[in-house]
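One structure below.
Letters A, B, ... are given to chains in the order of the sequence lines, protein chains preceding strands, and every chain is numbered from 1. In this text the structure is predicted, and so the values were computed from the model without any measurement.
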Amino acid sequence: MRRLLFSAAICAMCVTGAQADTIHVLMENVPDTRYVQDLLPEFKAQTGIDVEIESISYIDMHSKLAPQLSSPEGGYDLIVVDFYWVAEFTQAGWLMPLDDLIKKDNVDTSVYLPTLMNLVGKVGDTTYMLPFYNYSMGIIYRKDMLNDPKEQEAFKAKYGIELKIPTTWDEYKKQVEFFSRDTDGDGKVDFYGTVNQGQRGDCISMQWSNYLYGNGGQYHDANWKATFDGEAGVKAIEDFKADIAKHGPTGAESFCFDEAANVFGQGKAFSFVTFNILLAGFDDPKSSQVVGKAGIAANPGGGLNGGWGWAIPNSSPNKEAAWTFIKWIEAKDAVRKRTMAGGAPTQAWAFEDPEIVAKRPEMGQLAILVATAQEFPTFTYTVDFVESLGRELNLAVTGQKDPKEALARAAEDFNKLVVKAGLQK
Amino acid sequence: MSYSTANGPRLSQNDRSFGWLMTAPGLLALLLIVLFPLLFTVFTSAFDYTLLHRKYDTFVGFDNYLGAISDEYFSASLLVTVQFVVAVVILEFVIGFTVALMLNAVTRFKDVYYLILLLPLLINPVVVALIWRMFLHPELGIVNYLLSLVYIGPVNWLGDVRIAFWTVVLVDIWHQVSFMIILLLAGLSALPREPYEAARMEGASTIQAFIYVTLPLMRPVIAVTLLIRLIFAVKTFDLVFIMTRGGPGTSTDLISYYIYRSAFFGLNIGQASAISVLLLIIVLSLTAYLYRYMRSLT
C-alpha cells in the first residue's frame, strides 16, 4: 500500500511538473499561427516548455476571451490581441504591463515599426504587447494580367493611361472596370474586376475602410467627431455597391474574407482588397489556381492598418513561461523563419533582409503598404462601433437604406461611444 | 396521519417524508442550476453592469429594459424572431407530420428510414451552418452548380434580402425536421386500433379517419411537440451566427444574436440580461398558454 501511495505521489509530481512547463495560448486560425506552430518543436527542444495552441476562427475569439479574461484565474497563459480590442482590454485591466520584463531582459523594442508598436504594442507610455504580425490591407491583384503587354495596350487605348500598380483610387476603379469580363458571351460578367467581403459586421467594416481612405475620407477629426459620414463616405458606399453589382460575383454582400478569397484563388477575379496575410495562401497549389500569379500593392490613399500583438493576461497562470515564449518567437531567428514561410512581419529589418527579399520579392511593396496604412479608430468601444458600422454599411449596400442615412446612424453611434469613452470633448 | 392522492392510495407521513427526502437532492440541484441563474439574471438586469465595470454599484431600475425597447433594431430583431419561429414550427410540423404518417404505414426497413432521418439531428448546429454555407456559396457551391445544370441561377442564397431569411429557414428545417417526425411517429404508433376499426365499419374514408380519429387522438402529442419545438426555435443562434451574422441588413437578425452582441461586443451584461428576461417572459407566456390548452384537451 505504501509503495502504491508513493508511486501515486511521484505521478502527481510528474503531472504538476509537466503542467508547469506547458503554456496554453489562444490564437486565430490563420497562416501566421501555423508558421508559429511549425516552430514549436524547436522551442520545446531549446527550453523544455510545451506550447499548446488553441486555434479558433476569428468570430469566436472575442466572445471566448472576454469572459476568460474577466475572471481572476483564466485558462490562457498567453493570448494574441487584435488591434481593435487593445483599448477595451487595457481599459478593463486584463493585460499585464510588459515594461519591467522588457527592461529586465533588455529586449529591444526599437526593431518594431513605430506604426505597429503604437497599434499593438504601447498604450500611452505602457507596453502591453509585442507586435506579432501585421495584417494591413492592400490590393491583391493578378500580376500576370497587369503585366501582360496586350492588356496594357488595350487599357491605354481605352482610358489613355498606363496599366500599372494604381496610385490613385480612380485609377484602381478603372482597372476593376476594365478587367470585369463576360468570357462565355452569355451577357453576364463571369470574370470579376474585384471581389468584395460585404458580410455584416467586421468583414464589411474592414474592407469598406479602404474605400473610404481611397476616396480621401477619414473616420474622425482631431476632437474624435465622426467625419466618415461626409461626401467621401457616401462615395465609398457607392463604389462598394457598384463593385458588388457590376464588377463582382453574385452574393458578395454575404461574403467574409474566406469566401471572397476562394473566388480570387480559383482564378475568377482580377483583384481583391484584403489583408496582406492572405497573399501567401494564393501561392499554395493545394488550394489555389493562381500560384505565382498574385501580387500585392498598397491601397491608393492608404489601406487599413491592422495587426495582432502578443499579450500576457493578468489572469495568466504561467506568466514567466509565457514571457519566455514571447521573447523566443520575436527573436530575429524565429521572425526570419516565420517571414520566409510567408508570415507578415512587424519588425522593420525583416522588410529589407536580403535572405527574405530573395525568397519574397513582394517585401518592397509590403513595406510601402505598411508604411502608408491608415489607422482605424481604436478606443474602448471599438468592437461595438464595428458592429454598428458593419450593420449600417450592409443595409446600405443591400439597398435597404439610403447611404447617407446609414452613415448618419453609424456616425451617431460613433459619437455616442467616443463620448462614453471620454475622448470627444 | 395519512393523505389521499389524486389517483392512488393514501400516503403515510413516513412515506411522504421519505418522498421529500428522495426528491430533495434533485430539487436542490434544480434550484441551484435553474432558479439561481434566473434570479441572478433578473438582479443583473437592474444594474449598469458591464464587463469593463464589474460592480453592482449603479442601480438603474428598468433603464436597461427601456433602452432595449426603444432601440429600433431590438424591435426589428424581435419581429424577425417571431417570423422565424412561426415559419419553422409550421413548416416543420407540416413536413414532419406528413413524413410520420407515411412512415407509420411502412413495415419494411423502418430502422433504415429512422437512421437516415436522425442523421441531420445528430450533427452539431455549427457544423450544419458551416456545411451549408459552403454548399450555398453562389459562385463555388454545389447547390448553384446543380441548378446551373438545369439553367437556373445563380441564386444569391445568403446575400439577397428576399431570399436569405428563407434560406436560413430551409437549413433549419433540414436540420430539425427529424425531431418533429420522431415525436409525432411515436405518438402515431401508440394510437389504439379500435377507433379506426369502428370508423372503417361505419364506412369512413381514409381522409375522414384522419380528420375525425387521428387528429383528435393526436392533439396532446401535437401540442407537446409544437411546444418543445417552439422553445428550441426561439433559442436558434448558431445558424445565423455562422451563416449570415444577422444580415443581409437585419433580415436574419434573431433575438438570440442581438443578446449575444449586447453581451460580448457591447460588453453590456446588464442590458443583455434585461433582453434575456424579456425573452423569457415571452417564452413563458407562450408555454403557459400552450400548457393550458394541452390540459384542456386531456
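The heavy-atom pair separating A/Ala66 from B/Leu267 by the smallest distance is CB-CD2, 4.4 Å. Closest non-hydrogen pair, B/Asp71 versus A/Arg409, comes out as OD1-NH2, 4.0 Å. The two atoms that bring B/Leu140 and A/Val263 nearest to each other are CD1-N, 3.9 Å, heavy atoms only. For B/Leu51 against A/Trp94, the heavy-atom pair with the smallest separation is O-CZ2, 3.7 Å.
Judged by distance alone, the side chain of A/Asn394 and the main-chain N or O of B/Gly249 form a donor-acceptor pair under 3.5 Å. With hydrogens and angles disregarded, no donor-acceptor distance shorter than 3.5 Å links the side chain of A/His62 to the backbone of B/Phe265.
Rounding to the nearest 0.5 Å gives a distance of 11.5 Å between CZ of B/Phe264 and CG of A/Leu65. In this structure, CG in B/Asp160 is found 10.5 Å from OG1 in A/Thr250, a value given to the nearest 0.5 Å. Put simply, CG on B/Leu158 and CD on A/Gln199 are 8.5 Å apart, with the number rounded to the nearest 0.5 Å.
With a threshold of 4.5 angstrom between heavy atoms, A/Phe385 does not approach chain B through any atom at all. Of the atoms belonging to A/Gln400, it is side-chain heavy atoms, and not backbone ones, that fall under 4.5 Å from chain B. Both the backbone and the side chain of B/Thr250 come within contact range of chain A, with heavy atoms under 4.5 Å apart.
Proximity to chain A at a heavy-atom threshold of 4.5 Å picks out B/Arg133, B/His137, B/Pro138, B/Glu139 from residues 126-139 of chain B, in numerical order.
Annotation: maximal heavy-atom pairing with chain A below 4.5 Å, among B/Gly266, B/Pro248, B/Ser251, occurs at B/Pro248. No other option in A/Gly251, A/Ser254, A/Pro67 has as many heavy-atom pairs under 4.5 Å with chain B as A/Ser254. Each of A/Lys188, A/Glu88, A/Lys401, A/Gln91 has some count of heavy-atom pairs under 4.5 Å with chain B, and the biggest count is that of A/Glu88. Of the listed residues (B/Thr50, B/Ile269, B/Leu52), the one with the most heavy-atom contacts under 4.5 Å to chain A is B/Leu52.
In summary, B/Arg261 and A/Asp384 do not engage in a salt bridge, as defined by a charged side-chain N under 4.0 Å from a carboxylate O. Using a cutoff of 4.0 Å between basic side-chain nitrogens and carboxylate oxygens, B/Arg245 and A/Asp202 are scored as salt-bridged.
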Criterion salt bridge (Lys or Arg N to Asp or Glu O under 4.0 Å) on B/Asp253 and A/Arg200, from CA distance to verdict: CA-CA 11 Å; B/Asp253 195 10; A/Arg200 177 182 156 165; 3.4 Å; yes

- request: Go through the steps to decide whether B/Phe241 and A/Asp60 satisfy the test side chain to side chain contact (heavy atoms under 4.5 Å, CB included), and finish with yes or no.
  value: CA-CA 10 Å; B/Phe241 183 60; A/Asp60 293 327; 3.5 Å; yes

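Counting heavy atoms of neighbouring residues, nucleotides and ligands inside a 6.0 Å radius, atom OH of B/Tyr145 does not exceed 12 of them. Within a 6.0 Å radius of CG in B/Leu147, other residues, nucleotides and ligands contribute more than 12 heavy atoms.
Among residues two or more places apart in sequence or in another chain, the ring-ring contact (aromatic ring centres under 6.0 Å, His included) test is passed with B/Phe84 by none.
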